[in-house]
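In what follows, a structure is listed as structure tokens, so that the remarks can point back to it.
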Number of protein chains: 2
Amino acid sequence: MDMRFDLAQNGAAPAALRPRPIDACTICLVRDAAICADLCDADRAALSRIGRRVSVKAGQTVMWEGDDSSIVANVIEGTLKLSTSTGGGREQIVGVVYPSDFIGRPFGARTPHSVTALTDARLCLFPRGSFDGFATGHGALQHRLLQRTLDELDRTRAWMLLLGRKSAREKVATFLIDIGRRLRGDRDGVIALPLSRQQIADVLGLTIETVSRQMTDMKRQGLIDLVGRRGVRLVDEAALERLAEIS
Amino acid sequence: MDMRFDLAQNGAAPAALRPRPIDACTICLVRDAAICADLCDADRAALSRIGRRVSVKAGQTVMWEGDDSSIVANVIEGTLKLSTSTGGGREQIVGVVYPSDFIGRPFGARTPHSVTALTDARLCLFPRGSFDGFATGHGALQHRLLQRTLDELDRTRAWMLLLGRKSAREKVATFLIDIGRRLRGDRDGVIALPLSRQQIADVLGLTIETVSRQMTDMKRQGLIDLVGRRGVRLVDEAALERLAEIS
DNA sequence: CGATAAGTTGATAACGTTCAAGGCCAGTGG
DNA sequence: CCACTGGCCTTGAACGTTATCAACTTATCG
């Protein structure tokens with residue numbers, strides 16, 4: 001799918017050309033959870049006309065750290081990572097986003113971190129300028145965006161405690177508890193991790209070897225089960241929580 | 001100064017009792033930089049009537065992690081730290097705020113981190129409920145709050161890279177560069193640190209000994225000068241920037 | 001000027017990284 | 001259906017950075 005942004009698509013077409021527009025929002029999977037949830041139908045339709053639906057493949061980078069902030073988007077489907085890196089190439093994942101989350105930097109000139117799809121994903125993409133303009137005129141949208149940003153800031157600050165003060169074991173335990181809360185497992189309780197070992201390391205500020213060692217250790221102790229490369233079952237969640245030192 | 005919050009103070013007094021109210025905002029040091037900057041005089045006066053000016057002493061904690069979110073505030077004067085800690089008492093400073101910054105958790109039930117004055121400080125304090133109500137009706141205020149929160153989130157995520165991926169030396173160098181940008185030094189170029197060594201350690205996710213060693217090492221190399229306990233001069237800022245690995 | 005908290009310095013040990021090799025799984029082609 | 005391939009993950013050994021523990025020094029304030 002073409003990722004380039006075509007401004008021409010966003011001008012309002014002459015009314016005659018869209019007598020009964022099929023509104024993408026009516027069938028949207030996240031319409032009640034995303035930031036557009038509180039808009040009335042008319043406003044939602046207007047916002048929808050500003051943006052377009054886009055698919056991205058796993059591994060594809062949607063925005064680059066330091067680039068001009070030219071697009072923002074709602075995540076409709078899939079998981080993506082937000083990351084920054086040092087000049088030397090060391091990477092830190094600063095966030096993982098799920099369906100209904102919002103990505104990009106509205107009201108700002110620069111994208112402060114890269115956004116990369118971890119799985120195949122679908123986005124509802126807006127040119128930043130148009131989005132900013134729309135949001136400025138719609139308090140409900142801005143309020144939802146504010147709520148979401150405040151929540152994200154809280155979660156990010158909690159993660160700083162992990163990065164600065166927790167041991168490798170505590171970090172991995174916290175990660176497993178956290179992922180367990182977001183992604184319910186299948187009927188066997190097996191959670192499909194959206195992250196590779198390297199990516200888990202990049203979330204926790206560790207090396208891949210340390211993550212691997214901690215996880216096999218926890219398996220040996222009967223705290224978790226590892227099934228295949230991407231599966232985990234939290235066997236003793238209470239013990240993990242104790243390990244995680246969650247305040 | 002009494003920190004307890006007295007709701008009675010916030011009810012509007014009978015009009016007869018305030019014929020020409022002396023508006024605290026007209027002499028406010030941060031009125032053009034805080035979130036209330038874009039309000040018209042009438043709205044600003046209305047907001048002012050909701051809140052009150054409060055002084056706090058260095059060391060005093062204004063809000064506690066996990067408490068009900070009952071107040072929010074603008075910082076008028078002074079420096080404060082935001083911090084979280086593990087059950088075991090390990091602390092991580094998740095933010096440092098300066099005059100015109102906003103503190104507290106609007107639109108949320110819990111305070112996610114403690115707020116403690118590092119220096120004597122003055123705040124413009126609002127009961128959270130009243131503030132939320134006012135903000136909901138005033139798009140300009142909410143927009144400013146959103147801008148500020150987005151900026152803070154960007155800064156916080158940049159700090160995650162430091163916590164997760166930088167060495168002790170890089171951390172200290174980054175800290176010095178960062179503080180140098182916020183606090184201009186005196187005519188000798190000496191910056192008065194608002195943080196003790198322990199607090200610097202708590203910002204960087206290090207121990208006090210490591211911070212001390214890195215700083216005396218940098219002094220030995222002629223990168224910085226240490227004057228007294230709270231003074232630093234950045235002698236070779238370019239070298240520090242190179243050390244900091246700022247992307 | 002003396003008391004005391006804050007900071008520095010040193011020795012030692014632990015934790016996590018680094019480097020290196022080997023194993024395992026998923027996808028591909030025979 | 002099996003062998004082959006390549007990437008991902010695991011395991012091991014050695015090293016290095018930072019934490020820990022303890023003693024000492026210095027700045028600051030009454």
Side-chain angles (χ1 to χ4, degrees), chain A residues 57-59 86 88-92 118-120 162-176 190 192-221 224-232 243 245, chain B residues 57-59 81 86 88-92 118-120 162-176 190 192-221 224-233 243 245:
Chain A
K57 288 251 157 274
T86 63
R90 283 169 289 174
E91 179 170 323
Q92 176 67 46
L118 295 171
T119 63
D120 290 355
L162 173 142
L163 290 173
R165 290 296 183 212
K166 289 189 182 177
S167 68
R169 177 148 280 244
E170 291 168 340
K171 284 179 175 180
V172 173
T174 307
F175 170 79
L176 291 171
V190 177
L193 297 172
L195 301 163
S196 70
R197 293 288 186 275
Q198 180 60 62
Q199 287 162 346
I200 295 173
D202 289 339
V203 169
L204 299 177
L206 296 170
T207 59
I208 184 175
E209 293 95 331
T210 300
V211 171
S212 179
R213 275 189 255 268
Q214 291 298 336
M215 287 179 70
T216 46
D217 238 56
M218 287 177 176
K219 178 179 180 175
R220 219 169 285 141
Q221 292 187 12
I224 60 174
D225 259 6
L226 296 173
V227 354
R229 280 178 182 178
R230 292 294 184 114
V232 212
L243 263 180
E245 270 258 29
Chain B
K57 289 251 156 277
K81 67 168 183 172
T86 63
R90 283 169 289 174
E91 178 170 324
Q92 177 67 45
L118 296 172
T119 64
D120 290 354
L162 173 140
L163 290 173
R165 291 296 183 212
K166 290 189 181 177
S167 69
R169 178 149 277 244
E170 290 168 342
K171 284 179 175 181
V172 173
T174 307
F175 170 79
L176 291 171
V190 177
L193 296 172
L195 302 165
S196 70
R197 293 286 186 275
Q198 180 59 61
Q199 287 162 345
I200 295 173
D202 289 339
V203 169
L204 299 177
L206 296 170
T207 59
I208 183 175
E209 293 94 332
T210 300
V211 171
S212 179
R213 275 188 255 269
Q214 291 297 336
M215 288 182 70
T216 45
D217 237 57
M218 288 176 174
K219 177 178 180 174
R220 218 171 284 140
Q221 293 187 13
I224 61 173
D225 260 5
L226 296 174
V227 355
R229 280 179 181 174
R230 292 296 183 111
V232 213
R233 179 174 27 237
L243 263 181
E245 269 261 29

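By convention in this document, chain letters (A, B, ...) are assigned in the order of the sequence lines, proteins followed by strands, and residues within each chain are numbered from 1.
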hbond_proxy [X] side chain to [N] base (donor-acceptor, 3.5 Å cutoff):
X        : N      : answer
A:Arg213 : D:dT10 : no
B:Arg230 : C:dG7  : no
B:Arg197 : C:dA6  : no
A:Arg229 : D:dC9  : no

- Message: For a 4.5 angstrom cut-off between non-hydrogen side-chain atoms, does A:Arg197 reach A:Met215?
- Response: yes
Send over the distance from [X] [atom1] to [N] [atom2], rounded to a whole Å.
X        : N      : atom1 : atom2 : value
B:Ile208 : D:dT26 : CD1   : C1'   : 14 Å
A:Leu206 : C:dT18 : CG    : P     : 11 Å
B:Leu195 : C:dG7  : CG    : C1'   : 15 Å

- A:Ser167 side-chain proximity, nearest of C:dG16, C:dT8, D:dA19: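 Within the option list, the nearest is C:dG16.
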- Message: Tell me whether B:Arg90 is salt-bridged to A:Glu245, with the criterion being a basic N under 4.0 Å from an acidic carboxylate O.
- Response: yes
- Query: Thinking salt bridges, do B:Arg169 and B:Asp217 make one under a 4.0 Å N-O criterion?
  - Reply: yes
- Under 4.0 Å between any heavy atoms, over every strand shown, what does A:Thr210 touch: base, sugar-phosphate, or nothing? Just pick one. base
